[in-house]
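Accompanying notes for the structure given below.
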Amino acid sequence: MSPSRSDLFCLAFIENLKYEVAVESVSSLKNHIRRTRAFQLVLLCSSEQEQSSYMATALVKFKRTPPQLIPDIHLKEFIFSRTSRIPDSPAICQYLPLKSSVVIDPDRSCVRIVSSDTVGSGKSLTVSRLVDKLMKLSNVPNKSSVYSVVPIYESEYCEDRAATKLIQSRAIYPSEYGCLCHFDITATSCAHLIPFLFKLLITGMICDRNGRIWHCSKKNYFVLEITLSSQSPELLRFLSLFPDWQCLAPNVVANFLKKNNHAPTGCLVTLIDEEEVGSQEYQRVYAYLSKLESKGKVRNLDEYKFCKTESFVSWEMKRVILDSFIKYYSHPEPSWCELKHFISFLNNQLKAHEHDNYSVRFSTKYGVKRKGFNDNILEYMISMARDFTTLPLKESFVGLIDGYGIEKRRSWEQKIRPYVFFNENRESMTIFGIHVTEDKEQLGRRTTKRKQLIEEKRIPKQLYNAL
């Protein structure tokens, strides 16, 4: 203890101290009080075991009535003042390193809770963008130099696992900016998780089962990734005291974009990733879907080939693109994970179609007669992408999907859809699950056993004859 500073110290659960340790601690404390009182010491003891605690009995003259707990909003403000690394803060600037990984946080907070209400809402992508930003800032080629991930899937042993992981990887952080410590909380909460988080985020140190202690550096940046819907009310209240970063589901983002023309203020929210929506993958898929949507207009899909020209995506364009993706997915409430797989799958199919020589030869030979051919192929590709990227309706998923989503998925699984494959030779394609009837000039999609007509769609006579 430094006599020149008025520090505050806290010792909890003093009733658990062994008798010999308690006697020695009281004697040492009394000797220290004779030299200086430039400190404050708070001892916490259970009222049920107060009489059996030597330390509580020896220091009974210092006993005070427990103060009334302050509201959570004031407690949150206090915690932010202690976790913030804003240089203008006089209480912190003297301890702030010249370079720290905390600078990548929008509020310069060394703790950030990245959360969502459901799984697959873009939390991992948000963390990945933070890691990319830190790598660029610290100018390191390998993210292992500035990034360490600790999965928390067993709450009972989470402190030992986290301490062991961080102690082992401490030597591989050559970056002068410190490390981004990512704690991926995948398990449901239990009584052991809150004490672990308190030690990690408040005291700044954790211990493994062998007694080795890992101390937090002022250069470290803690990011906790967690799905809120599977956690207990006690844990949710604890996490609400720290700065958060919300990740919203695609349908929630779409509704927000329709009502607003600006990003939300007062909180950190991930709407739609700038890099993803501006990528060639997203732009190609949207370009074809927008052509397909233009009913009553000239589609020109038979002559169209994607060519990315611009990288900037306006606010309005983000809304239109997201609406288009959700519209063509198998149900109206997909997760970002499902939507990402749908876009990626369809993009690969579209690229294969663009390089398929069969379509080129067919167009060259039949000219205007093949009008509508690519329209049907695109519809097959969309149907196939939906089928291959929609999560199956199993018991393990029921708890993560609401009733409306369950009915939509069940309806989708009971239908038969056509598949189209572009063969490796680039000279042919294979289509399954369709039947063309000549008498009514219509395309029928049917099952292979009962020949049940699933959908009727008229196609031009010229295209039917060309096929």
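Screening Leu239, Val114, Asp184 for a side chain to side chain contact (heavy atoms under 4.5 Å, CB included) with Ile226, the sole residue that qualifies is Leu239.
Shown here for Trp336 and Ser121, the closest heavy-atom pair between the two residues is CD1-O, 3.2 Å.
Relative orientation of the His353 and Phe422 rings is tilted, given thresholds of 30° and 60° on the angle between their planes. Taking the six-membered ring where tryptophan is involved, the planes of Trp214 and Phe222 are perpendicular, since the angle between them exceeds 60° and thus also 30°.
Checked against side chain to side chain donor-acceptor pair (under 3.5 Å), Gln349 has no partners two or more places apart in sequence or in another chain. By the salt bridge (Lys or Arg N to Asp or Glu O under 4.0 Å) test, Lys63 pairs with Glu50, sequence neighbours left out.
Look at Glu274 and Arg129 and you find no salt bridge, because none of the NZ, NE, NH1 or NH2 atoms lies under 4.0 Å from a carboxylate O. Note on Arg319 versus Asp323: salt bridge recorded, some NZ/NE/NH1/NH2 to OD/OE distance being below 4.0 Å. Under the 4.0 Å criterion applied to side-chain N and carboxylate O atoms, Lys340 and Glu281 are assigned as salt-bridge partners.
The stretch residues 199-213 participates, sequence neighbours left out, in these side chain to side chain donor-acceptor pair (under 3.5 Å) pairs: Glu159-Lys199, Asp160-Arg209, Asp208-Arg212.
For Thr430 and Asn423, the side-chain atoms include at least one donor-acceptor pair closer than 3.5 Å.
Within 6.0 Å of the CG atom in Leu69, the count of heavy atoms belonging to other residues, nucleotides or ligands does not exceed 12.
In summary, the aromatic rings of Phe325 and Tyr282 are positioned with their centroids under 6.0 Å apart.
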